[in-house]
Amino acid sequence: MQSVLSTFAKFGQLRKSPVFAATLIGVGAIIAINAFPSKPSHAQTSPIQHVVVIMEENHTFDNYFGCFSNSINGATVIGTQYGDCQTNNCPQGSLLCNLAPAPDPAPHDVLHSGPRAIAAIDGGQMDDFDPLGQVQFQQSDIPTYWDYAEHFGLGDNFFTDAETSSTPNHISMMAAQTGGDFDTTHVIGCNSPQNDVVLDRTISGSELYGQPCYNINSIPQELNTAGLSWKMYGTTSIWDPALFIQSTAKTPKVADTQIITDAQTNTCGPSHNQNCLPAVSWVTPDSDTYSDHMPETTQAAQNFVASIVNGIMQSPDWNSTAIFVTWDDFGGYYDHVAPPQQDGVGLGPRVPLLVISPWAKPGYISSQQGEFASFDKFIEENFNLPSLGQRDSLSSTSDLMDYFDFNQTPNTTVIEPTLSYSSVLQAPKDAPAAVGGAKASTVTPAAGGPGTKFTYAVIYNDATTPTVHNVIVDGTPIAMTATTSLGTGVEEYEATTTLAPGSHNYTFQFSDGTNNYQLPLNSTPFSGPIVAPFDLNNTADKSPAGDPYGVGQVGKPFTIQTTYLSPSGLSPTVANVLVDGKAYPMTAVSGTPSTGVLYQYTSSAFSQGDHYFQLEFNDGSGLQDFQGYSFSISPIVMQKAGVSPTSGTTTTTFTFSTIYHGLNSATNVYVVIDKQSHLMNYISGTAAKGETYSLALTLPAGSHSFAFYASDGTNEWSDPKSLGTFSGLVVTAAGQPLIHSTITAPVPNTDPYAYDAD
């Protein structure tokens, strides 16, 4: 075992090695697999010629199907509506019996990173979920999904492969492993510039940083070898696993709805190209609107899924197709079932699985342990492909064959109607074109104190100016004002107010004089903001060296701080920071409760990798839990990165420089200019005290971006942190007037994801 773990210490090198796939399979076999069971083949008996996997976003089983009739893993449910959804035997310590109705849409996104998921799971206690995620949708909210569950198959013991967010789970959907990826950031996989660095996690649980490109085997490679067709439908990079696998990274992108055309045109012929349904299809939405991602509406996502399912049902391929619908991660929503731990990556929280096919057992509920690797196992058995030797080869991983009866009379089609809903009122977006990222909130901040100014915001999308434009807070209307134009007929409306301590709720109500509009759409009010009798301000995390972007170095002091302010002058009886779910007492440094007390916690023992923290304070009136901050501890940091001079012409020599700090000396340091890497020269210094690197060169006329990338042979890092570039360097053509440019760095996102207090 020691030799295996030593192999993973070189993970950063192996991931780029041609033998990495074989090495990873071998290590996985030793650590997680005692023996590969013989793989049954259903290729001769199954009528399935087409497998379609549709992956939506961010819902747990309890959140969507916790009240599905008589089908709760660990509890017996009476009734199918939330109003009478109670249990005879709620699991001990579970919140399942007390989940509130969910507003549709959610008021904002909830942090659902790897560290946040691990803290929520809490070693199987399932007791540290964000309060905003402790809600449950009703049958009336998700009638399309509910109808599929009643007519076809539903899994109530199906888990995410990795206890983290989207991208790693999408990779596992195609490769039965994450490749190491443990992060979701806006990169383009193997096509990313060198300075794009993400968090990795090995199956032993160790975390490190590297480029988002993995030399691993996958189902597409095996399909190619077998002469079978496949397509990845969906153009959103973070949901496209093919981009992150070396052998498939150059696969052309295909629009999500092209699968409907391919199924219904059915003119592929013997070459199996162009307009026909492939043997295997993976589908992800091209837009957040249809993804089920907070805070999008469930109706839009249901219509997207139904359009694909309806299209296939109405095609010649329906009788030979199996459709699997699932959700890629927990999204911050509660689930009461502790996920089995296969290795240091997961399993992660439970998500729903719908199995739709003429051959799916009608109304069947499976409690066999499944995960995203189960799709790979099903495909292997159905098409008689070899095992990938990863999670697909575990005997505990369901092959999903129990959902099917290939001898039954085929199910008839169930054509779902398009759900009608209003899109006139929408939750705000930080960037309307962004996909898969955190969104702005309908109220900011989501928690505060008596003096906090809370801003309510909603998007009004209609050409007619509203005659009524109110936010209803605790039953009292407050008039909103148009503040930002987002395009023709699209305005963001805001209202700002202070609130008394306690819990609150709100809805938005607009009218154009003829039509009335409301948000949430299902009349379940948004909860929040939570107002404490005190406030926490200026929350920050930093290293003594002042490294930006919430980054500390392994073994060096790292400080988390906040300022506690009590209008009543009360000192807190509890002042803790919870890092990855573990509480640490903070120390009062200076100040008084009435003017503000600076509290700090400093440690040199934070482990390498990404972390999550929340603040827990009590002034005697009750514990308040302020959630949602992240930071990283890296073995590598770079400081004082820049370029000199900051202005010049095509004849000017520009010198790029940075100071590298690490546990080990750098093997390579690059400056990445306009996505092109240039090796820098070592000048002087040591890794412990700082190695100086520089590179002098001329540049062509125009605007330029740049970043710095370093590797120590195992870990990689970038400045700006992990992603992004310095910008603003303008080079003037020789003989033209000099343009004095200003170099800017990405603004560190010091604001947390929208958070709640309880």
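What you are looking at is a predicted structure, and each value in this text was computed from that prediction instead of being measured.
Remark: side-chain polar atoms of S527 are not paired, donor with acceptor, to backbone N or O of N505 under 3.5 angstrom. Judged by distance alone, with hydrogens and angles left aside, the side-chain atoms of Q341 form a donor-acceptor pair with the main-chain N or O of P339 at under 3.5 Å. In terms of modelled atom types and a separation under 3.5 Å, the side chain of T185 and the main chain of V187 share no donor-acceptor contact. A donor-acceptor contact shorter than 3.5 Å is absent between the side chain of D328 and the backbone of E57. T455 contributes no side-chain N or O that, together with a main-chain N or O of T496, makes up a donor-acceptor pair within less than 3.5 Å. A distance-only check finds a donor-acceptor pair linking the side chain of T164 to the backbone of F182 [under 3.5 Å]. Counting only distance, with no hydrogens or angles, the side chain of N618 and the backbone of G622 share a donor-acceptor pair below 3.5 Å. The closest donor-acceptor contact from the side chain of T236 to the backbone of I238 lies at 3.5 Å or more, if one exists at all. Using modelled atom types, one side-chain atom of R201 and one backbone atom of G344 make a donor-acceptor pair closer than 3.5 Å. A donor-acceptor pair is defined here as one N or O able to donate and one able to accept, closer than 3.5 Å; no such pair exists between the side chain of D343 and the backbone of G205.
Taking each heavy atom of F617 and P572 in turn, the nearest pair found is CD2-CB, 4.0 Å. The shortest heavy-atom contact between A495 and V471 is CB-CG1, 4.1 Å. Minimum heavy-atom separation, T60 to Y334: OG1-O, 2.6 Å. Of all the heavy atoms in P212 and S192, the pair that sits closest is CG-OG, 3.8 Å. Summarising the geometry of N522 relative to D141, their closest heavy-atom pair is ND2-OD1, 3.1 Å, with the distance given to 0.1 Å. Closest non-hydrogen pair, H112 versus S165, comes out as O-CB, 3.5 Å.
Salt-bridge annotation for R116 and D130: absent, with no side-chain N of the basic residue lying under 4.0 Å from a carboxylate O of the acidic one. Ion pairing between a basic and an acidic side chain is recognised when a charged N comes within 4.0 Å of a carboxylate O; D62 and R350 show such pairing.
Proximity of the aromatic rings of F534 and Y564 is defined here by a centroid distance below 6.0 angstrom, and this criterion is met. Aromatic pair F244/Y214: centroids not less than 6.0 angstrom apart.
Q553 places none of its side-chain heavy atoms less than 4.5 Å from the side chain of S543. Residues P635 and V554 form a side-chain contact, since some pair of their non-hydrogen atoms from C-beta on lies under 4.5 Å apart. Between K556 and V637 there is no side-chain heavy-atom pair separated by less than 4.5 Å. Between V351 and F372 there is a side-chain heavy-atom pair separated by less than 4.5 Å. Two residues are said to be in side-chain contact when any heavy atoms from C-beta on lie closer than 4.5 Å; T539 and Q561 fail this criterion. Looking at T397 and E371, their side chains come closer than 4.5 Å, going by heavy atoms from C-beta outward. The shortest distance between side-chain heavy atoms of T297 and D104 falls below 4.5 Å. No side-chain heavy atom of S718 sits under 4.5 Å from any side-chain heavy atom of D196.
A distance of 11.0 Å separates NE2 in H611 from OG in S113, rounded to the nearest 0.5 Å. Interatomic distance, CG of L663 versus NE2 of H661, reported as 12.5 Å (0.5 Å rounding). Between atom CG of residue L565 and atom OG of residue S594 there is a gap of 8.0 Å, rounded to the nearest 0.5 Å. Rounding to the nearest 0.5 angstrom, the gap separating the CD atom in E716 from the CG atom in L208 is 8.5 Å. Considering CD of Q600 and CE of M586, their distance stands at 7.5 Å, rounded to 0.5 Å. Taken from CG in N576 to CD in Q614, the straight-line distance is 10.5 Å, to the nearest 0.5 Å.
Below 30°, between 30° and 60°, or above 60°: for F65 and F68 the angle between ring planes is above 60°, a perpendicular geometry.
Residues Y209 and D610 bring a donor and an acceptor atom of their side chains to less than 3.5 Å of each other. With 3.5 Å as the limit, one finds a donor-acceptor pair spanning the side chains of N715 and Q608.
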- [ ] Before giving the answer on side-chain hydrogen bond (donor to acceptor under 3.5 Å, both in side chains), spell out for S172 and T178 the whole-Å C-alpha distance, their side-chain angles and the decisive distance to 0.1 Å.
- [x] CA-CA 5 Å; S172 200; T178 67; over 6 Å; no
Task: Worked verdict on T562 versus N537 for side chain to side chain contact (heavy atoms under 4.5 Å, CB included) - done: CA-CA 6 Å; T562 193; N537 298 312; 5.9 Å; no
- [ ] Output, in order, the C-alpha distance, side-chain angles, deciding distance and verdict of side chain to side chain contact (heavy atoms under 4.5 Å, CB included) for V198 and D181.
- [x] CA-CA 7 Å; V198 300; D181 187 51; 3.5 Å; yes
TODO: Take E296 and S291 through the side-chain hydrogen bond (donor to acceptor under 3.5 Å, both in side chains) test and state the conclusion after the steps.
DONE: CA-CA 8 Å; E296 305 294 344; S291 71; over 6 Å; no
Task: Residues S166, D329; criterion side-chain hydrogen bond (donor to acceptor under 3.5 Å, both in side chains); working and verdict - done: CA-CA 6 Å; S166 294; D329 67 64; 3.3 Å; yes
TODO: Take S503 and I530 through the test side chain to side chain contact (heavy atoms under 4.5 Å, CB included) and record every step on the way to the result.
DONE: CA-CA 5 Å; S503 300; I530 301 299; 3.9 Å; yes
TODO: Walk me through it: do T202 and S204 pass the test side-chain hydrogen bond (donor to acceptor under 3.5 Å, both in side chains)?
DONE: CA-CA 5 Å; T202 71; S204 65; 2.7 Å; yes
Open item on the list: Please determine whether side chain to side chain contact (heavy atoms under 4.5 Å, CB included) holds for the pair T444 and H108, giving the CA-CA distance in whole Å, both sets of side-chain angles, and the decisive distance to 0.1 Å.
Closed with: CA-CA 10 Å; T444 305; H108 57 75; over 6 Å; no
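Among F158, W327, Y333, the single residue meeting the ring-ring contact (aromatic ring centres under 6.0 Å, His included) criterion with Y64 is W327. When each of F626, Y629, F606, Y601 is paired with F613, the ring-ring contact (aromatic ring centres under 6.0 Å, His included) condition holds for Y629 and for no other.
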